[in-house]
K.L.:
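To start, I am sharing the structure in question, which I have written as structure tokens.
Atoms within each ligand, like the ligands themselves, are counted from 1 in listed order. This structure is a prediction, so every number in the text was calculated from the model and none was measured. Scope of the values below: all heavy atoms of this structure, side chains included, with no hydrogens, waters or symmetry mates.
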Amino acid sequence: MEFDKKYYIQVWGCQMNAYDADLINSILTSSGFVPVDNEDEANIVLLQTCSVRESAEVKVFNKISKLIKRKKNDNNGLTIGVCGCMAENQESVILKKYPEVDVLCGPNAYVELPRLIENSILGVKTHELIKDDKRDFYPQVQHKKQLRAYVAVMRGCDNFCSYCIVPYVRGREKSMPPDKIFCEAQKLVDNGCREITLLGQNVNSYGKEYNMRFVDLLNKLNSIDGQFRLRFLTSHPKDADKDLFKAIRDLDKVCPYLHLPIQSGSNKILEKMNRKYTRENYLRKIDLVKELVPDISLSSDFIVGFPSETEDDFQDTLDVMNYVEYDSSFIFKYSVRYGTSAAKYEGNVPKQIKEDRNRRLLELQEKISLRKNKKFLNKKVQILVEGKSKRNPERLFGRSLNFKRVVFTGDEKYVGKYVNVSINKVTPLTLFGTIENV
Ligand code: SAH
Ligand code: SF4
Ligand code: F3S
């Protein structure tokens with residue numbers, strides 16, 4: 001049967017989801033599907049979803065309801081697909097409450113997507129396929145011509161932090177073959193990509209299947225010819241080690257920036273979180289990386305209001321933030337994820353206390369960020385120019401080596417180039433300045 005194959009993908013969630021949207025695009029376009037820029041023109045709408053917190057899921061449920069209205073107005077002419085983590089986590093809810101959803105496709109089943117869509121259009125619902133594990137075969141992602149790109153070096157997660165849904169929805173940890181990663185990176189650089197961010201839930205455990213370490217992969221990628229930057233996300237503090245810090249110091253393409261999420265500063269909470277490190281050994285690693293790479297920028301994730309977190313535990317978290325002086329942090333209020341072990345923990349922290357701790361931690365981070373950014377005043381920083389600033393199209397923006405967002409006046413011709421910018425104003429989130437070297 002011939003049918004209209006115009007699709008649109010909306011993406012929520014982490015960088016891995018953005019990468020997977022590119023993977024879905026590669027899979028669908030090679031099966032004759034056509035991407036469209038405007039959702040209203042699409043007869044297939046795919047939602048690339050996230051389950052990490054309840055708030056992420058609520059947004060998608062709202063979107064599904066809107067699409068169902070459109071589907072009814074369109075006389076069932078719309079195919080609705082839920083892809084990614086929620087297809088796994090909310091399978092039964094979606095099947096029961098939203099029977100108008102045509103396709104469910106979990107993060108390990110994207111290769112099946114063309115068939116799932118075609119079957120649903122033919123009237124055969126094939127929801128059960130999402131549990132299929134197709135992870136021995138990964139098609140090469142066809143990246144668009146782009147300045148910055150993600151490359152997944154591993155999928156899944158084996159860490160089972162007690163609060164986290166990711167290991168349940170994404171399955172077991174698996175490294176991508178080094179040759180595949182190398183080819184993907186090489187192709188990106190050949191096509192003008194200037195910044196590659198390697199992705200994995202815990203990149204430091206990369207390579208067991210290939211008798212390789214993550215630093216070996218960094219070394220290999222660093223040898224690709226061309227001027228480009230290498231970044232990576234996320235390092236688990238239990239596995240980040242001296243060799244990694246030395247690689248950041250020694251490899252010219254690897255940027256002096258490390259995201260090392262501590263989650264909490266309290267040993268009691270860290271143990272309940274099943275993070276497998278203590279505050280002391282985390283801080284020893286921070287001391288070491290600062291010693292080896294003095295200009296490093298650091299960032300972290302924090303969860304406030306984890307079950308049984310007391311004011312004293314929270315003070316430990318504030319202390320860690322003060323000690324480390326992160327350049328930036330992502331702060332989250334604990335959200336129960338059913339099926340995880342923390343969901344059974346007692347000691348729920350009331351919403352208001354979570355909000356209060358969230359605000360206090362954020363305020364401290366802003367103060368520290370401003371203080372750290374002030375060190376850049378009257379200094380020159382190298383920027384990869386990414387485009388026009390959204391707020392003021394007269395201005396350009398880009399990132400420094402240590403991932404600072406920098407806004408400055410300049411001509412569009414600099415987009416995609418490296419320029420030096422002299423910094424003359426800072427806020428907690430942004431540096432402002434003028435181009436120097438032209
Ligand atoms: N693998 C990465 C990213 C995990 S998800 C890592 O280990 O850092 C990104 C962040 O979401 C986590 O670091 C954590 O801070 C937060 N997060 C995960 N589950 C959460 C939950 N149930 N409630 C609130 N925040 C959560
Ligand atoms: Fe979740 Fe922990 Fe895995 Fe990160 S390392 S994805 S927080 S289980
Ligand atoms: Fe990413 Fe959200 Fe899934 S953070 S791994 S899209 S649950």
K.L.:
So which protein heavy atom does atom 8 (S) of ligand 2 come closest to, and at what separation?
P.N.:
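Ranked first by proximity to atom 8 (S) of ligand 2 is C161 N, 3.4 Å.
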K.L.:
So that I can check it, does any N, O or S atom in C85 come closer than 2.8 Å to atom 1 (Fe) of ligand 3?
P.N.:
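No N, O or S atom of C85 is closer than 2.8 Å to atom 1 (Fe) of ligand 3, so no.
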K.L.:
What residue and atom, counting heavy atoms only, is the protein's closest point to atom 9 (C) of ligand 1, and at what distance?
P.N.:
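So the nearest neighbour among protein heavy atoms is D301 OD2, 3.8 Å.
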K.L.:
Might you work through the salt bridge (Lys or Arg N to Asp or Glu O under 4.0 Å) test for D356 and R359, ending with a clear yes or no?
P.N.:
CA-CA 5 Å; D356 184 57; R359 182 186 49 77; 2.5 Å; yes
K.L.:
Within the 4.0 Å heavy-atom shell around R275, which atoms of ligand 2 are there?
P.N.:
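Near R275, the atoms of ligand 2 are 2 (Fe), 7 (S).
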K.L.:
Under 4.0 Å from a heavy atom of C50: which atoms of ligand 3 are those, numbered in the order shown and with their elements?
P.N.:
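Answer for ligand 3: 2 (Fe), 4 (S), 6 (S), 7 (S).
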K.L.:
When rounded to the nearest 0.5 angstrom, what distance separates CD1 in I9 from CD1 in I24?
P.N.:
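It is 5.0 Å, given to the nearest 0.5 Å.
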K.L.:
Could you tell me which atoms of ligand 2, counted from 1 in the order shown, lie closer than 4.0 angstrom to a heavy atom of C157?
P.N.:
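Answer for ligand 2: 3 (Fe), 5 (S), 6 (S), 8 (S).
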K.L.:
Please could you name the atoms of ligand 1 that V52 approaches to less than 4.0 Å, counting only its heavy atoms?
P.N.:
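In order of numbering, the contacting atoms are 5 (S), 18 (C), 19 (N), 20 (C), 21 (C), 22 (N).
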K.L.:
Between E57 and R337, does a salt bridge (Lys or Arg N to Asp or Glu O under 4.0 Å) hold up when you go through it step by step?
P.N.:
CA-CA 11 Å; E57 296 197 327; R337 304 286 67 209; 3.4 Å; yes
K.L.:
Hey, which atoms in ligand 2 end up nearer than 4.0 Å to a heavy atom of C164?
P.N.:
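Per the distance check, 1 (Fe), 6 (S), 7 (S), 8 (S).
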K.L.:
So, S65 and N62: side-chain donor and acceptor under 3.5 Å apart, yes or no?
P.N.:
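On atom types as modelled, these side chains do not qualify, holding no pair under 3.5 Å.
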K.L.:
Does the Lys NZ or Arg CZ of K404 fall within the cation-pi geometry relative to F376 - under 6.0 Å from the ring centre and within 45° of the axis?
P.N.:
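No.
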K.L.:
Is ligand 1 less than 4.0 angstrom away from at least one heavy atom of K333?
P.N.:
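K333 counts as a contact of ligand 1 under the 4.0 Å cut-off.
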K.L.:
Taking side-chain contact (heavy atoms from CB on, under 4.5 Å) as the criterion, tell me which of I286, L288, N281 meets it with R284.
P.N.:
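It is N281; the other options fail the test.
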K.L.:
Name the one of R275, K238, Q201 that satisfies side chain to side chain donor-acceptor pair (under 3.5 Å) with N159?
P.N.:
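Among R275, K238, Q201, the one meeting side chain to side chain donor-acceptor pair (under 3.5 Å) with N159 is K238.
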K.L.:
Any idea which part of Y163 is under 4.0 Å from ligand 2, heavy-atom wise: side chain, backbone, both or neither?
P.N.:
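Looking at Y163 and ligand 2, just side chain atoms fall under 4.0 Å.
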K.L.:
May I ask you to list the atoms of ligand 2 that are less than 4.0 angstrom from any heavy atom of F160?
P.N.:
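Counting from 1, the qualifying ligand atoms are 8 (S).
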K.L.:
Should the proximity of P261 to ligand 2, defined as any heavy atom under 4.0 Å, be assigned to the side chain, the backbone, both, or neither?
P.N.:
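Neither part.
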K.L.:
Tell me, yes or no, whether the heavy-atom count around E271 atom CD, taken from other residues, nucleotides or ligands under 6.0 Å, exceeds 12.
P.N.:
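At most 12 heavy atoms, drawn from other residues, nucleotides or ligands, come within 6.0 Å of this atom.
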K.L.:
Looking at N17, which atoms of ligand 3 are within less than 4.0 Å of one of its heavy atoms?
P.N.:
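What qualifies from ligand 3 is 6 (S).
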K.L.:
Could you check F314, Y334, F332 and say which one makes a ring-ring contact (aromatic ring centres under 6.0 Å, His included) with F306?
P.N.:
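Option passing the ring-ring contact (aromatic ring centres under 6.0 Å, His included) with F306: Y334.
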K.L.:
Can you tell me which portion of R170 lies within the under-4.0 Å heavy-atom range of ligand 3? Options are side chain, backbone, both, or neither.
P.N.:
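Side chain only.
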K.L.:
Identify, for atom 15 (O) of ligand 1, the protein heavy atom at the shortest distance, and state residue, atom and that distance.
P.N.:
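Checked against all protein heavy atoms, atom 15 (O) of ligand 1 sits closest to Q263 OE1, 2.7 Å.
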K.L.:
Please classify the R337 to ligand 2 contact at 4.0 Å (heavy-atom distances, strictly less than): side chain, backbone, both or neither.
P.N.:
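None of R337 does.
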K.L.:
Looking only at distances, please establish whether an N/O atom of ligand 1 is found under 3.5 Å from an N/O atom of R337.
P.N.:
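So ligand 1 has no N or O lying under 3.5 Å from an N or O of R337.
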K.L.:
Is the shortest distance from a heavy atom of V166 to ligand 1 less than 4.0 Å?
P.N.:
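No, V166 has no heavy atom closer than 4.0 Å to ligand 1.
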K.L.:
Answer yes or no for I303: is there a heavy-atom contact with ligand 1 below 4.0 Å?
P.N.:
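Contact check I303 vs ligand 1: positive.
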K.L.:
Between Y163 and ligand 1, which part of the residue brings a heavy atom under 4.0 Å of the ligand: side chain, backbone, both or neither?
P.N.:
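Within the 4.0 Å criterion, Y163 contacts ligand 1 through backbone and side-chain atoms alike.
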K.L.:
Taking only heavy atoms of Y334, which atoms of ligand 1 are found under 4.0 Å from at least one of them?
P.N.:
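Near Y334, meaning under 4.0 Å from one of its heavy atoms, ligand 1 has 23 (N), 24 (C).
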K.L.:
Compare Q15, Q201, E54 and give the one whose heavy atom is closest to atom 1 (N) of ligand 1.
P.N.:
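Nearest heavy atom to atom 1 (N) of ligand 1 lies in Q201.
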K.L.:
Does any N or O of ligand 1 fall below 3.5 Å from an N or O anywhere on R53, backbone included?
P.N.:
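N/O-N/O distance below 3.5 Å exists for this pair.
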K.L.:
Show which atoms of ligand 2 fall inside a sub-4.0 Å distance from at least one heavy-atom site of Q201.
P.N.:
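Answer for ligand 2: 6 (S).
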K.L.:
Do any N/O atoms on S335 end up under 3.5 angstrom from N/O atoms on ligand 1?
P.N.:
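Min N/O separation from ligand 1 is below 3.5 Å for S335.
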K.L.:
Are the side chains of I181 and Y206 in touch, meaning some heavy atoms are under 4.5 Å apart?
P.N.:
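Yes, at least one pair of side-chain atoms sits under 4.5 Å.
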K.L.:
Taking the six-membered ring of F403, is the NZ or CZ of R399 close enough (under 6.0 Å from the centre) and on axis enough (within 45°)?
P.N.:
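Satisfied, under 6.0 Å and within 45°.
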K.L.:
Please report which non-hydrogen protein atom sits nearest to atom 7 (O) of ligand 1, along with the residue it belongs to and the distance in Å to one decimal place.
P.N.:
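The protein heavy atom lying closest is R275 NH1, 3.9 Å.
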K.L.:
Would you check whether T234 has a nitrogen or oxygen atom less than 3.5 angstrom from a nitrogen or oxygen atom of ligand 1?
P.N.:
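N/O-N/O distance below 3.5 Å does not exist for this pair.
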K.L.:
Which of the numbered atoms in ligand 2 are under 4.0 angstrom from any heavy atom belonging to P167?
P.N.:
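Near P167, the atoms of ligand 2 are 8 (S).
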